[in-house]
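Report on one structure; see the data block that follows.
Throughout, protein chains are lettered first and strands after them, A, B, ... in sequence-line order, and every chain is numbered starting at 1.
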Number of protein chains: 2
Amino acid sequence: MLTVKTPDEVFEVMKESFAACPVSERVPLSAALGRVLFSAVESREYVPGFDRSTVDGYAVRAADTFGCSDAIPALLALQGEVNMGEAAAEKLQNGSCIYVSTGGAVPKGADAVVMIEHTEDYGDSTIGITKAVAPGENLIYKGDDVYPGKPVISAGRLIAAQDIGALAAMGITEVEVCRRLAVAIISTGDELVSADETPADGQIRDLNSPMLAAMVTQAGCEPRCYGIVPDDTEKLSAALDKALKECDVVLISGGSSVGAKDATDEVIESKGEVLFHGIAMKPGKPTILGKVGMKPVWGLPGHPVAAFLVGHIFVRPLLAQLMGREVKTYTMPAQLTESVSANHGRAQYNGAHLVFCDGEWYAQPVRGKSGLIATLADTEGYFCIPRDKEGAAAGEIVSVTLYSID
Amino acid sequence: MLTVKTPDEVFEVMKESFAACPVSERVPLSAALGRVLFSAVESREYVPGFDRSTVDGYAVRAADTFGCSDAIPALLALQGEVNMGEAAAEKLQNGSCIYVSTGGAVPKGADAVVMIEHTEDYGDSTIGITKAVAPGENLIYKGDDVYPGKPVISAGRLIAAQDIGALAAMGITEVEVCRRLAVAIISTGDELVSADETPADGQIRDLNSPMLAAMVTQAGCEPRCYGIVPDDTEKLSAALDKALKECDVVLISGGSSVGAKDATDEVIESKGEVLFHGIAMKPGKPTILGKVGMKPVWGLPGHPVAAFLVGHIFVRPLLAQLMGREVKTYTMPAQLTESVSANHGRAQYNGAHLVFCDGEWYAQPVRGKSGLIATLADTEGYFCIPRDKEGAAAGEIVSVTLYSID
């Protein structure tokens, strides 16, 4: 009998059984996109490094502008101009102003900048100010954005384009990231031929290897495919030995049904420990998680849709956990276009194609039975019908969990 | 004066002015992840290629099981077994059954499979069936999933792991994808030094180049950085000539404020056409879109947050459009943790950090003023306060548009 876990119990087992891999490496900023930040980044300097104007205009003492208006402009002596990219050399004198462009340095003595639109140049080095400014107006003070020691990016963050910008601004051109985990992928089954072969009658192509390899790549890890192993305990054992020697995580798909061939269970047991065999979900029930040394070994269902869903829901978060981060799950409320039946005593996971129309999201469920290409291709996510619910009706709002977004 | 467009008008200009680039290339399936499918994929074969069992059990004629029960099993003669990966050689005889494993070939003559759990083996080649099956139960017919000519994946789809699985299943090991667009990135400004230099007083680091390069990579294109060009029309003109010669799209950031330096506008005008100068949004107003020959030239704001938002909201969809696809925008309803003021007569875009807590999403808005690193780092998306709204209160539900997800 399978000792079946609920999805929540699976997450608990994962948390209890595996620790984050403590190995990092340094990469240049240009190679940091999509990598996982190893430790939190604090700023080492002030940004901006000087008081900086946010407008084109005149740096002033705010007090010199109080009470002015279109009718009664404040008259200030033009003391000079700050060139872009240069320091403000002179200190601003009382009753004076200095021209500064957007992004330019605000001179000492000034505490605000008047936008050029609210000034008049009388031509004789006198500038009329027609709108008062408050202290601090239209400028950013040194360190206003970040200062030495200020936490900027959290450890475990998947580095995105906006983070690259923040890191570059602080002069951080090399980043300490988690090492990419090597993930072994093994397909088992006497009926399998590789995707580039023509299957004879009774054979099917191994699509799990390329699909799981792509998923592993998307998860920021490095997939290594070990090919197709026949339903043979010794051969599987040898393949697993090699994979464990060379990789951090092993994904075996196929051979995990209780029946003639629970070789995966046996082989894991012979080298380490089977943490559970079976998840209360449909599809995906015949899933195994084992541990050999410190390394996770998954026995994924042979059925590609089940392997994909279990991969998305459990394998991906475990890979993230090993790299010291937590995967966030994003769900979209969407209106179901067709009714879907369910009645299994297990949570049922259904693929869905999301269509945006007239300001609303619609979820087109994919038919369960054909359950292979049609359930995978062109889908954006899945929704779950809980075990105590008999189905979902057309028009019902379901929560579609996204696989990824553009 | 700027001829300011609303965001919707910008999308219209983009649609009217630029056509999809008609150049494709063939890549192996292992390199297809994240590429854009050039033309729709139809299946060339039947999947599965034979009638296939979805359970471990006995292939039968459904009619032979009608009326059976635990008390009165239907007795069938065991005719043999189909090995995994082999064709079902024999035709099923009336009153007989043939053992088949999950995924195995169902023999001719059988129209259903009885799960092993609903059978009893009497040992003398007689199998008792204790639960009737309907025709078609527990099997997938040849071509049930796909058949020759069936549309499987739409043109313009960004190829994801699940699509790789579907393509592999159909034996498609090479995919025709849109050529990666080469996108030139030029930063302009006398105040800029590159991220690996130490800025003197009055200087700041160019973070737009690495940030936009990362964004371009995420959009499935190839970034090419042309470095920092000073505020000088001739130098910018020379840089743009080189970029236009070598790339499909040009992004110039900085130099697009009306004021001392609208060199970008001038330089684009001298070689082609400025389609608009100014978008009614904050930040991001001083944005230019031009067209030289058939190529888009963007003049993005120098302010990094503005450049990032305009990049995400407009540049990314235009890159997608050139590659023949449409970007879907995913928004999450989230509760604002702090109030945000707005009062500009322009739609205001605010960065947000998303936190998931007790089943709810919360959006932590980032302060507008400091507007640089703090507005970019660690954020997941943005929300928009429409031009006719004075702000958003703490506790209000805002729609956060995601930049990307894990």
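For Leu212(A), no part lies under 4.5 angstrom from a heavy atom of chain B. Neither the backbone nor the side chain of Leu167(B) comes within contact range of chain A; no heavy atom of the residue lies under 4.5 Å from a heavy atom of that chain. Only the side chain of Ala105(B) comes within contact range of chain A, with heavy atoms under 4.5 Å apart. With a threshold of 4.5 angstrom between heavy atoms, Ser30(A) does not approach chain B through any atom at all. With a 4.5 Å cut-off on non-hydrogen atoms, Ile159(B) does not touch chain A at all. Of the atoms belonging to Ala195(A), heavy atoms from both backbone and side chain fall under 4.5 Å from chain B. Residue Ala213(B) does not touch chain A at all, counting heavy-atom pairs closer than 4.5 Å. With a 4.5 Å cut-off on non-hydrogen atoms, Ser194(B) does not touch chain A at all. Neither the backbone nor the side chain of Pro48(A) has a heavy atom closer than 4.5 Å to any heavy atom of chain B. Contact of Leu354(A) with chain B is made through backbone and side chain together, with heavy-atom distances under 4.5 Å. Only the side chain of Met332(A) comes within contact range of chain B, with heavy atoms under 4.5 Å apart. Using a 4.5 Å cut-off between heavy atoms, Val146(B) touches chain A through its side chain atoms alone. Of the atoms belonging to Glu197(A), not a single heavy atom falls under 4.5 Å from chain B.
Put simply, of Val106(A), Ile116(A), Leu402(A), Val193(A), the one with the most heavy-atom pairs under 4.5 Å next to chain B is Leu402(A). Between chain B and the residues Cys225(A), Ala214(A), Ala32(A), the most heavy-atom pairs under 4.5 angstrom are made by Ala214(A). If you tally non-hydrogen atom pairs under 4.5 Å between each of Val41(B), Asn208(B), Ile153(B) and chain A, the highest count goes to Ile153(B). Here Gln162(A) is the residue among Lys142(A), Gln162(A), Glu191(A) with the most heavy-atom pairs under 4.5 Å with chain B. Chain A forms the most heavy-atom pairs under 4.5 Å with one residue out of Ala377(B), Ala88(B), Pro199(B), and that residue is Ala377(B). Chain B forms more heavy-atom pairs under 4.5 Å with one residue of Leu207(A), Val216(A), Leu37(A) than with any other, namely Leu207(A).
In this structure, Arg52(A) contributes its side chain and Gly103(A) its backbone to a donor-acceptor pair below 3.5 Å.
Residues passing the ring-ring contact (aromatic ring centres under 6.0 Å, His included) test with Phe356(B), sequence neighbours excluded: Trp361(B). Partners of Glu86(A) according to the side-chain contact (heavy atoms from CB on, under 4.5 Å) rule, which considers only residues two or more places apart in sequence or in another chain, are Asn83(A).
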